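Input: a single structure, listed below in structure tokens.
Numbers here simply count residues along the sequence, with the first being 1. The shown structure was predicted, so the numbers you read here are calculated from the model rather than taken from an experiment.
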Amino acid sequence: MSEPSAPDRFHEDKAAYAVRGAEKPDLEAGVAAIRNVLKTLPARPGVYRMHDARGDVLYVGKARALRNRVTNYTQVARLSRRLQRMVAQTRTMTIVTTGSEAEALLLEAQLIKRYRPAYNVLLRDDKSFPFILLRADHAFPRIQKHRGARRAKGDYYGPFASAGSVGRTLNALQKLFLLRSCTDSFFSNRSRPCLLYQIRRCSAPCVGRIDEAAYADLVGDAKAFLGGKSTEVQKKLGAAMQAASDAMDFELAAIFRDRLRALTFIQGSQAINAEGIGDGDIFALASKAGVICIQAFFIRGGQNWGHRSFFPAHTQDVPEADVLASFLVQFYEEVPPPRTLFLDRDLPEAALLAEALGERAGARVTIAVPKRGERVRLIRQAHRNAEEALDRHLAESTTQGKILRDMADLFGLDGPPDRIEVYDNSHIQGTNAIGGMIVAGPEGFRKNSYRKFNIKRAETVPGDDFAMMREVLERRFARAKSEDPDRDGGDWPDLVLIDGGKGQLNAVKAVLEEMGIEDVPLVGVAKGPDRNAGRETFHLPDGREISLPHNSPVLFYLQRLRDEAHRFAIGVHRSKRAKQIGASPLDEIPGIGPARKKALLMHFGTARAVRAASLEDLGRAPGVSGTMAQAIYDHFNAR
């Protein structure tokens with residue numbers, strides 16, 4: 001197995017820690033593999049990975065002293081049943097030493113996120129959180145929503161719990177501070193104010209309606225507000241409104257009045273009163289029926305920027321405090337830690353966690369468990385939200401479980417499906433053809449497992465839905481057979497739904513039979529007469545056709561799956577089509593990047609004019625050297 005290199009500050013021991021063992025779980029073989037590692041294991045801080053016979057990661061752990069920690073796994077009688085199962089599957093180990101236990105804790109979180117081991121507590125929700133970005137790379141900074149890596153220069157404010165919460169805040173901030181939200185290219189090409197100026201959500205710096213100094217003043221107010229100084233901004237706006245009123249400039253006074261209303265909206269939309277907290281996150285845990293919910297409130301600048309519920313996986317037989325600790329270190333792998341974390345319970349290694357998060361934040365992080373005062377009320381409110389979210393989750397899971405059981409009975413499955421794959425195609429008269437695969441399970445849609453397939457084989461006739469479906473399924477299951485031939489990785493479907501009738505189903509059935517796969521359940525979902533929802537026909541490989549009552553919960557669920565596959569396929573197709581529309585002949589020339597492409601188009605006007613230009617004209621274009629001009633000329637005039 002090829003292991004990825006650790007970060008530069010870590011040292012991976014080069015000793016061979018591999019011991020070949022049996023394929024099946026064998027407790028004695030697992031203990032023997034671990035004891036072989038102990039022979040050369042140092043008593044230093046670090047991280048260990050336990051692998052099964054195929055090299056898949058079973059568990060990632062950290063230790064203050066690796067030798068002492070790993071020795072515990074050889075004392076089988078003291079281990080829980082869960083850990084005994086893990087040891088029985090262990091055949092190899094990988095050891096990475098670190099400079100401190102805090103560094104080991106951070107590396108452990110990185111590796112858990114990368115490998116998602118079966119015996120670690122996992123943060124299921126891996127979606128990135130939205131931020132507000134106030135850019136600093138322009139004379140008139142832009143305010144915008146941001147997700148992902150924070151590469152752009154500027155100030156980031158967040159995280160916000162959802163796109164909806166950041167959208168509402170951005171909308172109010174535009175009314176309050178009149179900052180531009182347009183792109184730089186849109187900004188530089190304006191000759192008159194856009195609609196946002198007309199509805200008083202932008203100060204129109206693009207056409208000189210505000211000078212740089214006055215705009216910088218608005219930016220300063222926005223930073224003060226987002227930094228928690230909303231009272232100062234409120235006083236300033238109130239004084240400006242009064243001054244305009246005293247000067248009989250009632251139109252200007254009305255503008256300040258509207259901005260004050262926007263400020264009041266933001267202050268009044270807080271779900272909890274977080275005054276006095278500054279920057280901090282609140283976490284509370286609730287558990288019931290073997291399921292754990294962790295509720296998080298995000299407080300920045302004394303303002304509540306939303307809350308979200310999390311349901312971590314692999315929590316059976318794990319103490320609740322350990323679940324919360326593991327959740328926190330994974331959660332702050334992507335989100336910058338605030339100054340203070342407020343928890344509803346003590347953690348066994350709170351000081352170590354605070355030290356590790358402080359290293360990540362570049363500042364001191366404090367972990368507090370409030371015992372009295374206003375903050376206890378906030379913890380209780382978070383805990384009540386966690387219990388309510390857990391009750392809703394369990395109710396939905398119960399309903400979902402019944403639907404899956406009924407669906408298993410309907411289609412003759414061995415049991416409720418854990419992984420359902422749905423396939424659909426999208427194209428316009430055969431152009432930009434793609435295939436889409438979505439995945440769903442008992443917990444809902446698994447969007448990180450969605451896949452798109454560009455239809456690219458020469459033998460696939462454009463517009464032939466049967467041929468497209470054959471190509472998609474052949475590629476998908478050829479990869480599955482190659483990567484997981486034993487079907488124990490969880491990536492083989494328990495049910496495959498095909499958007500289409502008997503023809504599409506038979507095409508897929510033939511492909512799988514040719515590959516020697518005859519035990520994957522297939523169902524074709526054909527639209528009803530006049531393509532009416534509610535009158536679908538379900539085709540089975542044995543020739544049976546099933547229709548369900550229009551009010552059947554199973555029918556509603558299958559429609560949701562089919563509609564999601566359709567939405568995903570159309571979205572991917574439109575994206576591909578848009579890229580093709582924006583393509584240019586200049587893209588095919590080696591050495592022509594976005595900057596030179598823009599310079600050529602600005603100089604000549606169109607790609608056609610570049611194609612027709614002489615060598616001398618090409619050499620006069622800005623940023624085009626003689627060598628590059630010759631390359632462009634040769635590209636378009638090659639015989």
Side-chain angles (χ1 to χ4, degrees), residues 130-147 150-158 160 165-269 300-303 305 598 602:
F131 285 75
I132 286 178
L133 167 59
L134 187 55
R135 298 184 69 117
D137 53 0
H138 196 281
F140 295 96
R142 173 192 181 193
I143 191 167
Q144 65 185 90
K145 180 173 71 175
H146 177 84
R147 281 187 188 269
R150 295 185 292 167
R151 298 189 182 94
K153 184 179 179 182
D155 297 304
Y156 293 83
Y157 301 93
F160 286 81
S165 60
V166 75
R168 288 189 295 272
T169 303
L170 263 179
N171 187 35
L173 287 174
Q174 284 181 287
K175 295 179 182 177
L176 180 56
F177 299 112
L178 308 179
L179 301 182
R180 74 178 183 95
S181 58
C182 58
T183 63
D184 291 350
S185 59
F186 185 87
F187 178 93
S188 60
N189 289 299
R190 295 300 299 176
S191 58
R192 59 181 180 178
C194 67
L195 178 62
L196 289 178
Y197 174 78
Q198 307 297 334
I199 61 175
R200 294 180 179 176
R201 294 192 183 181
C202 182
S203 52
C206 54
V207 292
R209 298 298 173 91
I210 185 172
D211 60 28
E212 191 171 334
Y215 191 87
D217 191 44
L218 293 177
V219 171
D221 288 345
K223 290 181 178 179
F225 175 80
L226 292 168
K229 301 177 181 177
S230 59
T231 304
E232 295 180 12
V233 176
Q234 192 170 22
K235 289 179 180 178
K236 182 177 179 180
L237 288 174
M241 182 179 70
Q242 187 61 47
S245 179
D246 293 342
M248 308 295 284
D249 190 347
F250 297 115
E251 184 176 352
L252 181 60
I255 293 175
F256 287 120
R257 178 203 62 200
D258 293 342
R259 293 175 63 189
L260 274 170
R261 284 178 178 173
L263 175 60
T264 305
F265 168 81
I266 297 177
Q267 293 172 331
S269 63
R300 296 295 182 273
Q303 301 171 42
W305 283 354
K598 182 177 179 180
M602 292 293 289

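When every heavy atom of P130 is checked against every heavy atom of V166, the shortest pair comes out as CB-CG1, 3.9 Å. The minimum heavy-atom distance linking K223 with D155 is given by the pair CE-OD2, 3.0 Å. The nearest pair of heavy atoms linking Y197 to A204 is CD1-CB, 3.4 Å. Nearest heavy-atom pair across I210 and Y215 is CD1-N, 3.6 Å. Residues C182 and F187 share a closest heavy-atom pair of SG-CB, 3.9 Å.
Although no hydrogens or angles enter the test, the distance criterion places a donor-acceptor pair under 3.5 Å between the side chain of N189 and the main chain of S185. The backbone N or O of R192 lies less than 3.5 Å from a partner atom in the side chain of R190, making a donor-acceptor pair. No side-chain donor-acceptor contact under 3.5 Å links R135 to the backbone of I143.
Shown are Q174, R201, Q144; of these, the side-chain contact (heavy atoms from CB on, under 4.5 Å) with S181 is made only by Q174.
To the nearest 0.5 Å, the span separating CG on L218 from CZ on R180 amounts to 13.5 Å. To the nearest 0.5 Å, atom NE2 of residue H146 and atom CD1 of residue I132 are 12.5 Å apart. The distance from the SG atom of C206 to the CZ atom of F140 is 9.5 Å, given to the nearest 0.5 Å.
No side-chain heavy atom of L133 sits under 4.5 Å from any side-chain heavy atom of K145.
Side-chain atoms of R300 and Y157 include no donor-acceptor pair closer than 3.5 Å.
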(message) Could you walk me through whether L173 and L179 satisfy the side-chain contact (heavy atoms from CB on, under 4.5 Å) test, starting with their C-alpha distance in whole Å, then the side-chain angles of each, then the deciding distance to 0.1 Å, before giving a yes or no?
(response) CA-CA 8 Å; L173 287 174; L179 301 182; over 6 Å; no
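Remark: R142 does not engage D184 in a salt bridge, criterion side-chain N to carboxylate O under 4.0 Å.
Ring geometry for F131 versus Y156: interplanar angle over 60°, hence perpendicular rather than tilted (30 to 60°).
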